[in-house]
Amino acid sequence: MHSATPYTNQNTKHFSRKKFLSATGKYLAAGAIGTIAASIKADQAHAQAPGNIPQDVEDPIVLEKWKSEYDQQSGPVPTPLPPDRRIGYAVVGLGHLSLEEILPALGSCKKSKLVALVSGTPDKMKKVAAQYGIAEANCYSYQTYDKLKDNKEVDVIYIVLPNSMHKEFTVRGAAAGKHILCEKPMAVSQAECREMIEACNKAKVKLMVAYRIQYQPHNRKLRELVQKKEFGQVKFVDAFNCQSSANPDHWRHKKALAGGGALPDIGLYCLNTTRFVLGEEPTEVFAYQYSTPGNPLFREVEEMVSWQMRFASGVVASCATHYNAHESRRYRVMCERGWLDMNKAYAYKGQDLMTAKADGMMELQQNIGLAEKNQFALEMDHFSDCIIKNKRPFTPGEEGLQDQILMEAIYQSAKEGKPVKVASAVTNQSLHGPEPELS
Ligand code: NAD
């Protein structure tokens with residue numbers, strides 16, 4: 001006698017293999033089912049792992065299961081720390097990123113909370129403070145910033161200013177005894193990055209660069225599949241990040257404030273994510289750079305950079321970034337027996353992970369349907385976790401310095417028109433802290 005379960009499973013397996021044939025959208029959607037089920041199981045296991053439960057939450061809530069494993073599930077029940085035990089953040093700079101992403105994300109954090117603001121525009125800060133319930137006493141100007149030293153509610157300073165201001169506000173913040181979370185790019189030169197690392201070490205505070213992609217579930221999943229060699233050896237990576245700009249007066253188009261154009265702003269995602277996914281450091285770069293003559297947007301900073309990176313394993317990555325092309329953010333990792341493709345790879349949400357695997361005469365394509373999570377909340381909660389548990393951040397200052405070293409080599413190569421060797425004693429692992437416990 002056969003029970004219903006094995007019969008259903010066998011049928012499902014047969015059904016999926018047929019539908020997975022390299023294929024139309026209909027087949028691809030069917031293919032996603034198996035993967036969603038697998039990822040739900042993974043999520044459930046993840047939710048139950050004791051390591052993922054904040055140390056301070058002794059008794060997490062577990063709800064009764066009621067959906068089939070083939071239907072999309074929600075994530076685990078949030079287990080936030082009580083407000084008085086969360087890490088307090090002061091956010092410096094109230095521009096697009098802070099107002100549109102970071103401040104709202106703090107509302108969905110489990111271990112982090114907003115406690116102070118720093119801005120050069122008092123009227124704007126007053127409005128924002130009212131919206132987020134921040135007392136006037138916890139609002140600072142760039143001049144009174146150093147007084148954060150006396151504010152016991154503030155544990156972390158999150159620097160969200162134009163790139164060339166990151167160093168000054170990191171050094172002053174560390175001197176005030178606060179841990180520093182700094183937006184990317186870390187600074188505008190490797191000398192500045194080194195100064196920031198030294199200042200934080202001297203003050204015995206932690207320094208993390210806000211590489212949100214390294215905390216984003218789809219990008220982490222892709223990296224896991226690559227590093228487990230699920231598709232065989234990696235052979236080649238193709239990555240690009242493009243967007244169009246409109247305002248030549250914006251700081252992003254001023255060399256002194258931005259440090260460069262498309263490369264440090266959006267090309268950096270291709271560089272950093274490729275290194276993250278491969279777990280390897282490039283040994284050589286070869287670049288080409290272009291700016292349309294006479295375009296006022298590109299009087300001071302470059303419009304596009306295209307570059308190749310060669311790794312010791314033999315992998316070559318081909319990357320490109322453009323400040324004057326319609327938005328497109330994607331990478332693909334080509335392997336011996338398949339490929340992994342991430343569309344909307346560097347966007348704030350909507351990552352779309354597709355894989356293809358050779359199976360005899362067939363190509364099995366899958367869409368890996370992971371639950372969407374707020375990348376900024378994951379990133380900030382990871383930093384808070386490092387402070388609570390006294391751990392090295394997964395993306396410390398050394399990770400930002402390495403990108404700066406590589407960007408300088410890319411510019412040098414574009415200028416000289418020849419490959420530039422990157423003499424590096426560091427491994428990708430040495431540039432990271434322990435794997436983050438994300439929930
Ligand atoms: P923005 O122009 O929207 O905001 C910058 C803020 O800095 C404004 O509030 C502005 O008033 C203030 N400021 C102080 N001094 C200034 C000066 N001299 N010139 C211009 N502005 C000055 O920029 P943004 O998009 O919020 O970017 C801020 C930082 O965040 C940058 O380092 C950027 O690279 C980074 N960023 C990261 C991401 C990400 O996804 N992690 C996304 C966007 C921006």
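As the structure lists them, so they are numbered: ligands from 1, and atoms in each ligand from 1. No experiment lies behind these values; they were computed from the predicted model shown.
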So that I can tick it off, tell me whether [Y] and [X] are bridged by a salt bridge, with the cut-off set at under 4.0 angstrom between side-chain N and carboxylate O.
| X | Y | value |
| --- | --- | --- |
| Glu435 | Arg223 | yes |
| Lys111 | Asp385 | yes |
| Arg275 | Glu399 | yes |
| Arg172 | Asp146 | yes |
| Glu224 | Lys228 | yes |

Scan residues 285-305 for pairs that pass ring pair (Phe, Tyr, Trp, His ring centres under 6.0 Å), counting only residues two or more places apart or in two chains. His253-Phe298

Determine, using heavy atoms of [X] and all atoms of ligand 1, whether some pair is separated by less than 4.0 Å.
| X | result |
| --- | --- |
| Gly120 | no |
| Pro185 | yes |
| Tyr346 | no |
| Tyr211 | no |
| Tyr269 | yes |
| Gln375 | no |
| Lys254 | no |

Contact check, side chains of Phe311 and Thr274, non-hydrogen atoms, under 4.5 Å: yes

Test item: His218 and Ile368 side chains (from C-beta on) under 4.5 Å apart, heavy atoms: no

Answer yes if a protein heavy atom lies under 4.0 Å from atom 10 (C) of ligand 1, otherwise answer no. no

Under the criterion side chain to side chain donor-acceptor pair (under 3.5 Å), I'd like the reasoning laid out for Ser384 against Tyr89: C-alpha separation, chi angles, the key distance, then a yes or no. CA-CA 9 Å; Ser384 298; Tyr89 280 66; 3.0 Å; yes

Heavy-atom distances under 4.0 Å are what count here, so tell me which part of [X] touches ligand 1: side chain, backbone, both or neither.
| X | value |
| --- | --- |
| Glu101 | neither |
| Leu97 | both |
| Glu100 | neither |

Just to verify, which of Tyr215, Tyr211, Phe376 counts as forming a ring-ring contact (aromatic ring centres under 6.0 Å, His included) with His382? Tyr215

Of Val305, Val422, Ile405, Val420, the residue whose pairing with Ile410 passes side chain to side chain contact (heavy atoms under 4.5 Å, CB included): Val305

[atom]: the protein heavy-atom neighbour that sits closest, reported with distance to 0.1 Å:
| atom | value |
| --- | --- |
| atom 2 (O) of ligand 1 | Trp251 NE1, 2.7 Å |
| atom 18 (N) of ligand 1 | Leu257 CD2, 3.9 Å |
| atom 32 (O) of ligand 1 | Asn163 OD1, 2.8 Å |
| atom 3 (O) of ligand 1 | His96 N, 2.7 Å |
| atom 28 (C) of ligand 1 | Val160 O, 3.6 Å |

Using a strict 4.0 Å cut-off to heavy atoms of [X], name the atoms of ligand 1 that fall inside it.
| X | result |
| --- | --- |
| Tyr348 | 40 (O), 42 (C), 43 (C) |
| Arg212 | 39 (C), 40 (O), 41 (N) |
| Leu94 | 9 (O) |
| Met165 | 14 (C), 15 (N), 16 (C) |
| Tyr142 | 12 (C), 13 (N), 14 (C) |
| Lys124 | 9 (O) |
| His250 | 2 (O) |

Is the ring pair His432/Phe276 parallel, tilted or perpendicular, if the boundaries are 30 and 60 degrees? tilted

Side-chain donor-acceptor pairs of residues 254-269 under 3.5 Å, sequence neighbours excluded:
{"from": "Lys254", "atom 1": "NZ", "to": "Pro248", "atom 2": "O", "distance (Å)": "3.4"}
{"from": "Lys255", "atom 1": "NZ", "to": "Gly259", "atom 2": "O", "distance (Å)": "3.4"}
{"from": "Asp265", "atom 1": "OD1", "to": "Lys184", "atom 2": "NZ", "distance (Å)": "3.3"}
{"from": "Asp265", "atom 1": "OD2", "to": "Arg252", "atom 2": "NE", "distance (Å)": "2.9"}
{"from": "Asp265", "atom 1": "OD2", "to": "Tyr323", "atom 2": "OH", "distance (Å)": "2.6"}
{"from": "Tyr269", "atom 1": "OH", "to": "Arg212", "atom 2": "NH2", "distance (Å)": "3.3"}

Can you figure out which of [options] has its heavy atom closest to [atom]?
| atom | options | value |
| --- | --- | --- |
| atom 24 (P) of ligand 1 | Met125, Arg252, Met186 | Arg252 |
| atom 34 (O) of ligand 1 | His166, Lys184, Glu183 | Lys184 |
| atom 20 (C) of ligand 1 | Pro264, Gly95, Pro162, Gly93 | Pro162 |

First locate atom CD1 of Ile388, then atom OG of Ser112, and finally report the distance between them rounded to the nearest 0.5 Å. 7.5 Å

Testing the basics here: between Val91 and Val160, what is the closest heavy-atom pair and its distance to 0.1 Å? CG1-CG2, 4.1 Å

If you apply the rule side-chain contact (heavy atoms from CB on, under 4.5 Å), what do you find for Ser318 with Phe236, and how did you get there? CA-CA 8 Å; Ser318 175; Phe236 184 71; 3.8 Å; yes

Less than 3.5 Å between some nitrogen or oxygen of Leu161 and one of ligand 1, yes or no? yes

